[in-house]
Student: 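Please see the structure below; I have some questions.
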Number of protein chains: 2
Amino acid sequence: MNLRELSERLNLSQTTVSRALNGYPEVNEETRKRVAAAAAKFNYRPNIRAQTLATGRSMSIGHIIPFSKQNEMVNIVFADFIAGAGEVYAQHGYSMSLSLVRDEDELNAYQGVAEKGAVDGIIVHSPARDDPRISFLSDLDIPFLVHGRASEVTTPYSWLDVNNKRAIKTGTAHLLDLDHRRIGLINGEERMDFAQRRRDGYLAALTAAGITPETALMRSGEMSEPHGYASAHDMLDSTEPPTAFVASSIVSALGVRRAIEERGLVMGRDISILCFDDDISYLPNGRTTPVFTAMRSSVRAAGRRCAELLIDQIKIPQQGMATELWDAELIIGGSTGPCPKGR
Amino acid sequence: MNLRELSERLNLSQTTVSRALNGYPEVNEETRKRVAAAAAKFNYRPNIRAQTLATGRSMSIGHIIPFSKQNEMVNIVFADFIAGAGEVYAQHGYSMSLSLVRDEDELNAYQGVAEKGAVDGIIVHSPARDDPRISFLSDLDIPFLVHGRASEVTTPYSWLDVNNKRAIKTGTAHLLDLDHRRIGLINGEERMDFAQRRRDGYLAALTAAGITPETALMRSGEMSEPHGYASAHDMLDSTEPPTAFVASSIVSALGVRRAIEERGLVMGRDISILCFDDDISYLPNGRTTPVFTAMRSSVRAAGRRCAELLIDQIKIPQQGMATELWDAELIIGGSTGPCPKGR
DNA sequence: TCAGACATCCAAAGCGCTTTGAAGTGATTC
DNA sequence: GAATCACTTCAAAGCGCTTTGGATGTCTGA
């Protein structure tokens, strides 16, 4: 059942039926009811492919995910982000189009998706410091918004980011206030912009306290439980082990905790952990009594807000770039305590 | 730059240009090269909206996710599933269209998506025992595949599922072999088919061993860390606490472990845990030395296979329903041990 | 030399919708 | 009674591709 058929049955023109269905004013209320009734009766729905061709809008937002390198993107944080974004898309009648592409194909995929008109806008995930996607998308002239920032990119673009540097600086300072002097950093991959900024925050806090950073106390890699475990394990095995850790994610913090408990140490007494907490719904840190002391910022809320900002941009293209910098909140949990005496 | 423009510049018909670009044989190799060169030069890409309208195929697969009830779907397991499916889609030139819908709108969303021609096929996630979506999609006459099964649905449909009953029966039997007699079950939500089947497996193993199941030892709910913690906490507080737990997910197992360790008990010695392990990339159980004894089946592999099966079905519609039942593998880890004497 | 096979190309007809510009009604105004 | 107006409705022109059904020219074999 298509529009032509439906309009023939109703003895009306396609124009009128289309307008009746889409709520245009220039159609008799009586007629509109007849049309609506017939549409329901014949179970008619407009073909979305034809609709998007005619309107020029696809009502869908693209997310392009590189997947070759150790699943960089399709992770637990990502799931919460798209849950947030998806909610907002649904409210506005958009759907979300995910394409997983091999890293080396990524630029092509953007171009394909954008230029072909498959999507009305794009969200860029986890930018690298000098991310080529950004200038690429600017050239393509399609609305897009970056979740995060790319420090070395000079072209203006819309973004939403957590103040990662300040967050980790605050967190590290908190550990310093507890008299910890040897603090291990277990960071994400430092080609990612956010990881660099977190490292900067860590270094800034140490420097401000007059402590010389040691490369032996700084690790970076996949934000997984095993990487957290392995990194903490290594550092704890060294001759001068750290008394506290800053972990870039609650997932790696779980690994750190395992390494600590494995050697009979008590978290929060013998060794402290502070982590970045994306407030993931399936791995919550606890509201009333947080397990980990953490810098918290909800990635789901970020997903929601990114979607809103992008949809605004699609609807009102002439408005300028949107940028938002969120501050993470320090949450005191049970994983931190004063540095044990004599350490 | 569209096809008309491009063909004008080349002094060729749209037909020829289209065929040259799409690799049809009836075009001179010389001409094809000219066309390809011009397309590259003018940075031409076919408009995908027009393409899908003309071909009748949208080259995209729909996943519709209900989101109101405690984020049922957008979870860590789901992320791995779509990572797997997405890989396969990418290889075949498909993209993935996610729509998050409120539960009460879900049937409408299916109908919308399907009938409107937005997608060529649909994957159904986490079916309930009597899931209305299945007969609904059958009526819509669109290819679809269910990840999981719906026991009470009688219409035939394509599915891929893990043999959940056998998996948990095997796992529970393993604990029984270690002389555990009081075994707690921390299940997913039992309106979900897979959770029911897991419960059936648990009950079957107990019954086979001549043990009467106790409702006090059976919990179900969200498969989150806090739910695992709270359930285990409760049971351990009872007058006759269990000596072992069967957890429906590695995430809830993390919560169980926390409850155990919190009271100074040692996992694998004082209390055993066996869990279902979806082999999630960011929360791996460990390959060489698994933390948890588990029934393992990779959800990412399932995602890949579901995508393959669905694409087959789209390409060759006349073939019958595809069904696959996977067996989970028992992995011995450090979380289980013989029941302590006198318990 | 000519029919038929083959290679190459094209005009035009969709795909199913939206939207422009115009036309057909009565009712109202002057 | 003519002109104006608001209200409805419609025919037709896109949107940018794919694909059908030729058309044209070239080559082959008898």
Student: Rounded to whole angstrom units, what separation is found between the CD atom of A/Glu8 and the P atom of D/dT9?
Tutor: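 One finds 18 Å between P of D/dT9 and CD of A/Glu8, rounded.
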Student: Report, one line per pair, each donor and acceptor closer than 3.5 Å where one atom sits in a side chain of residues 308-318 of chain B; sequence neighbours left out.
Tutor:
residue	atom	partner	partner atom	Å
B/Glu308	OE1	B/Arg305	NH1	2.9
B/Gln313	OE1	B/Ser158	OG	3.0

Student: Using a 4.5 Å cut-off on heavy atoms from C-beta on, say whether the side chain of A/Arg133 contacts that of A/Ile64.
Tutor: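 Side chain of A/Ile64 against side chain of A/Arg133, heavy atoms only: no contact under 4.5 Å found.
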Student: Given atom CZ of B/Arg19 and atom C1' of D/dT20, what is their separation to the nearest angstrom?
Tutor: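 In whole Å, D/dT20 C1' and B/Arg19 CZ are 8 Å from each other.
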Student: Rounded to whole Å, please give me the gap between CD in A/Glu29 and P in D/dT8.
Tutor: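 To the nearest whole Å, that distance equals 9 Å.
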Student: Using a 4.0 Å heavy-atom cut-off, does A/Thr52 contact any base of the nucleic acid, only the sugar-phosphate backbone, or nothing at all?
Tutor: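 The answer is nothing, as A/Thr52 stays clear of every strand by at least 4.0 Å.
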Student: How many angstroms lie between CG in A/Leu145 and CH2 in A/Trp159, if you round to the nearest 0.5 Å?
Tutor: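 Interatomic distance, A/Leu145 CG to A/Trp159 CH2, rounded to 0.5 Å: 10.0 Å.
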Student: Counting only side-chain N and O atoms of A/Tyr24, is one of them less than 4.0 Å from OP1 or OP2 of C/dT18?
Tutor: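 The answer is no; no side-chain N or O of A/Tyr24 sits under 4.0 Å from OP1 or OP2.
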Student: Between C/dA11, D/dG16, D/dA11, which one does the side chain of B/Asn2 approach most closely?
Tutor: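 When the side chain of B/Asn2 is considered, D/dG16 is the closest of C/dA11, D/dG16, D/dA11.
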Student: Please work out if A/Gln51 contacts a base, only the sugar-phosphate, or nothing of the nucleic acid, heavy-atom cut-off 4.0 Å.
Tutor: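 Here A/Gln51 touches the backbone only, sparing every base.
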Student: Less than 4.0 angstrom between a side-chain N/O of A/Ser13 and OP1 or OP2 of D/dC10, yes or no?
Tutor: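 Looking at the OP1 and OP2 atoms of D/dC10, one of them is under 4.0 Å from a side-chain N or O of A/Ser13.
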Student: Less than 4.0 angstrom between a side-chain N/O of B/Asn22 and OP1 or OP2 of D/dT18, yes or no?
Tutor: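 Yes, such a contact exists.
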Student: Calculate the interatomic distance between A/Arg57 atom CZ and C/dC17 atom P; express it in whole Å.
Tutor: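 Between P of C/dC17 and CZ of A/Arg57: 16 Å.
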Student: Round to the nearest Å and state the distance from A/Asn11 atom CG to D/dT8 atom P.
Tutor: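 Distance check: A/Asn11 CG to D/dT8 P gives 19 Å.
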Student: Would you mind telling me which of D/dT8, C/dC17, C/dT18 lies closest to the side-chain atoms of A/Asn47?
Tutor: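 It is C/dC17.
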Student: Take the protein atom CD of A/Glu26 and the nucleotide atom C1' of D/dC7, then report the distance between them rounded to whole Å.
Tutor: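 These atoms are roughly 10 Å apart.
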Student: On DNA chain C, compare the nucleotides closest to B/Thr16 and A/Met1; which residue's is nearer the 5' end?
Tutor: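 Per heavy-atom nearest nucleotide, the more 5' residue is B/Thr16.
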Student: Dump the intermediate steps for salt bridge (charged side-chain N to carboxylate O under 4.0 Å, His left out) on B/Asp161 and B/Arg149, then the final yes or no.
Tutor: CA-CA 6 Å; B/Asp161 199 5; B/Arg149 276 173 293 173; 3.0 Å; yes
Student: Report the distance from atom CG of B/Leu21 to atom P of D/dT19, rounded to the nearest whole Å.
Tutor: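 My rounded result for the distance is 13 Å.
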Student: Whether A/Thr15 contacts C/dT20 is assessed here as follows: a side-chain N or O lying under 4.0 Å from the phosphate OP1 or OP2. Is that the case?
Tutor: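 Indeed not, no polar side-chain atom of A/Thr15 lies that close.
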Student: Does atom CD (A/Gln319) have a neighbourhood of more than 12 heavy atoms from anything else shown, all under 6.0 Å?
Tutor: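 Counting other residues, nucleotides and ligands, CD of A/Gln319 exceeds 12 neighbours.
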Student: Can you tell me the distance, in whole Å, between the CZ atom of B/Arg32 and the P atom of C/dT8?
Tutor: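 Distance check: B/Arg32 CZ to C/dT8 P gives 10 Å.
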Student: Is B/Tyr44 near enough to D/dC17 that one of its side-chain N or O atoms lies under 4.0 angstrom from OP1 or OP2?
Tutor: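 Yes, such a contact exists.
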